[in-house]
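Everything quoted here is computed from the prediction, not taken from an experiment. To find a chain, count down the sequence lines: A is the first, B the second, and so on, and within it residues start at 1.
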Number of protein chains: 2
Amino acid sequence: MTGETPLRADAQRKRVQILAAAEDVFRERGARVSLDEVAKRAGVGIGTLYRRFPTREDLLAATYSARFVAFAETSRTRSPHLDPSDALRCYLEELIQYSNLYRGFAASLGTVLQIGTPGCRATLGEGARLLDIAQKAGAVRPDVIFDDLICVATAISLATEQDSSPRPRIVHLVNVFLNGIGMQPNPNPPSQAPNMA
Amino acid sequence: MTGETPLRADAQRKRVQILAAAEDVFRERGARVSLDEVAKRAGVGIGTLYRRFPTREDLLAATYSARFVAFAETSRTRSPHLDPSDALRCYLEELIQYSNLYRGFAASLGTVLQIGTPGCRATLGEGARLLDIAQKAGAVRPDVIFDDLICVATAISLATEQDSSPRPRIVHLVNVFLNGIGMQPNPNPPSQAPNMA
DNA sequence: TTGCTAAGTGGAGAATACCTCCATATAGAA
DNA sequence: TTCTATATGGAGGTATTCTCCACTTAGCAA
């Protein structure tokens with residue numbers, strides 16, 4: 001990812017411009033906005049954008065990378081203070097809320113997470129870690145795999161991305177699903193709204 | 001839906017041609033194929049297609065309608081012979097398999113079901129009925145609503161639509177989810193592969 | 001049969017988006 | 001200062017969606 005020939009200074013500068021513009025435009029107009037618009041906002045040619053980010057998912061993964069790094073870090077710091085079920089619950093709720101940050105992002109969540117940015121790797125790693133802990137603690141059925149979590153996170157994101165205040169429904173659906181993988185529902189969950197930097 | 005001014009005979013004929021072509025093309029090339037291609041295959045102008053089916057979802061709902069009618073009928077006939085949990089389990093597994101009939105259909109499942117074709121109405125009605133029975137029997141948590149089922153059916157369809165033989169994963173995920181809404185997992189489920197007419 | 005007209009038709013073309021290609025420009029090493 | 005690998009921008013080819021309207025026709029009424 002970062003191990004290749006370093007970018008020339010001007011290219012690096014434009015890369016940053018593109019990411020800043022993409023963040024703004026995706027927030028305003030959703031994740032499916034025309035990439036021409038992103039390039040225009042960034043003040044670069046469309047060719048430059050494509051050279052740096054060959055697919056929309058690459059661009060999405062890059063705009064999410066820093067957020068995902070912070071998200072994984074927060075989760076990792078918090079988890080020792082929670083029981084395994086609650087740690088996994090918080091992780092999922094927050095992941096879903098993050099993926100609702102850009103309208104239309106949810107459908108790409110799985111694809112984006114497969115792109116090897118540091119943030120995506122950290123997020124996948126942290127989720128797998130929490131699942132493993134929860135399974136070893138006997139709180140989650142052993143036949144569940146991490147992909148199942150992503151599958152359901154995607155579904156819940158999709159189902160709630162139109163809602164004006166999706167939080168309660170997210171909490172409900174996560175609860176239902178976690179019950180499905182073996183947990184007792186928690187009537188008083190410790191979940192907090194993520195900062196959404 | 002059908003209560004409006006009846007179509008002129010020629011229009012009705014073309015409508016049938018369009019549906020037959022759409023069925024073929026969607027099966028071969030997936031639900032996101034260009035609608036020009038459907039029109040060409042049907043031997044009608046693109047304008048005619050749009051006049052009859054203003055959105056892609058209208059066309060999808062229409063191609064699915066007969067199948068959904070049969071699906072709901074089968075479920076209704078079978079359900080008295082099963083316990084409420086198994087009836088709901090079969091319904092969900094089959095709904096997911098049906099929605100994998102065209103590649104790329106899964107993402108539209110929710111939208112399509114909202115379109116008032118007889119098949120969609122029958123399918124929604126049957127699902128709501130089975131959920132209600134299962135809840136009254138105490139087999140499913142009372143806080144689950146039918147939309148939750150659609151949300152999860154969509155997720156499972158999406159997650160499995162790339163798989164070459166998705167059946168085992170569908171069964172696994174449905175099982176996990178139904179466990180989530182309160183059911184005991186059934187080690188020996190009575191589910192059968194739908195006919196997929 | 002013969003108009004008549006509401007209903008239907010097809011496809012050109014405007015609008016939008018994707019993505020490639022390459023003549024040109026430039027950072028930065030030597 | 002020179003040189004060249006790297007980077008740039010945007011024109012333009014391709015694809016798709018969807019509208020619009022001049023033309024056609026089914027089917028009714030006389």
Side-chain angles (χ1 to χ4, degrees), chain A residues 1-22 24-26 28-63 102-105 107-108 111-112 115, chain B residues 1-22 24-26 28-63 102-105 107-108 111-112 115:
Chain A
M1 185 87 254
T2 53
E4 289 130 38
T5 325
L7 290 181
R8 228 168 64 176
D10 54 341
Q12 175 56 32
R13 222 151 38 225
K14 302 225 163 184
R15 184 175 186 282
V16 170
Q17 283 169 238
I18 291 169
L19 285 176
D24 288 353
V25 176
F26 286 150
E28 285 169 23
R29 317 264 320 265
R32 302 195 172 182
V33 74
S34 154
L35 295 183
D36 277 303
E37 192 142 342
V38 173
K40 194 174 290 177
R41 185 81 68 105
V44 307
I46 186 67
T48 302
L49 187 151
Y50 274 99
R51 158 176 282 251
R52 213 51 67 207
F53 304 101
T55 70
R56 181 182 298 271
E57 283 72 30
D58 288 317
L59 182 54
L60 286 168
T63 61
Y102 307 155
R103 254 170 312 131
F105 178 80
S108 312
T111 310
V112 167
I115 294 175
Chain B
M1 187 84 253
T2 51
E4 289 131 40
T5 325
L7 290 180
R8 228 167 64 175
D10 56 340
Q12 175 56 33
R13 222 152 36 226
K14 301 222 163 182
R15 185 176 185 280
V16 170
Q17 282 168 238
I18 292 169
L19 285 177
D24 289 352
V25 177
F26 286 149
E28 285 169 24
R29 318 262 322 263
R32 302 195 171 181
V33 74
S34 155
L35 294 182
D36 275 304
E37 192 142 340
V38 174
K40 194 174 288 177
R41 184 81 69 105
V44 306
I46 186 68
T48 301
L49 188 150
Y50 273 99
R51 156 177 283 252
R52 213 51 69 208
F53 304 101
T55 71
R56 183 182 297 269
E57 282 72 30
D58 288 316
L59 182 55
L60 286 168
T63 61
Y102 307 154
R103 253 169 313 130
F105 178 80
S108 312
T111 310
V112 167
I115 294 175

How many whole angstroms separate atom [atom1] of [X] from atom [atom2] of [N]?
X: A:R8; N: D:dT4; atom1: CZ; atom2: C1'; value: 10 Å
X: A:Y50; N: D:dA7; atom1: OH; atom2: C1'; value: 18 Å
X: A:R15; N: C:dA27; atom1: CZ; atom2: P; value: 20 Å
X: A:K14; N: C:dA25; atom1: NZ; atom2: P; value: 14 Å
X: A:F53; N: D:dA7; atom1: CZ; atom2: C1'; value: 14 Å
X: B:I46; N: C:dA14; atom1: CD1; atom2: P; value: 17 Å

Quiz item: Between A:D36 and A:V44, who's closer to the 5' end of DNA chain D by nearest nucleotide?
Solution: A:V44
Self-check item: First encountered from the 5' end of DNA chain D, between B:V33 and A:Q12
Solution: A:Q12
Within less than 4.0 Å of OP1 or OP2 of [N], is there a side-chain N or O belonging to [X]?
X: B:T48; N: C:dG8; answer: no
X: B:K40; N: C:dG10; answer: no
X: A:R13; N: C:dA27; answer: no

Quiz item: Between the base of D:dT8 and the side chain of A:R51, is there any donor-acceptor pair under 3.5 Å?
Solution: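 Such a pair does not exist between side chain and base.
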Quiz item: So, do A:F53 and A:L35 sit near enough that their side-chain heavy atoms are less than 4.5 Å apart?
Solution: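 They are not in side-chain contact.
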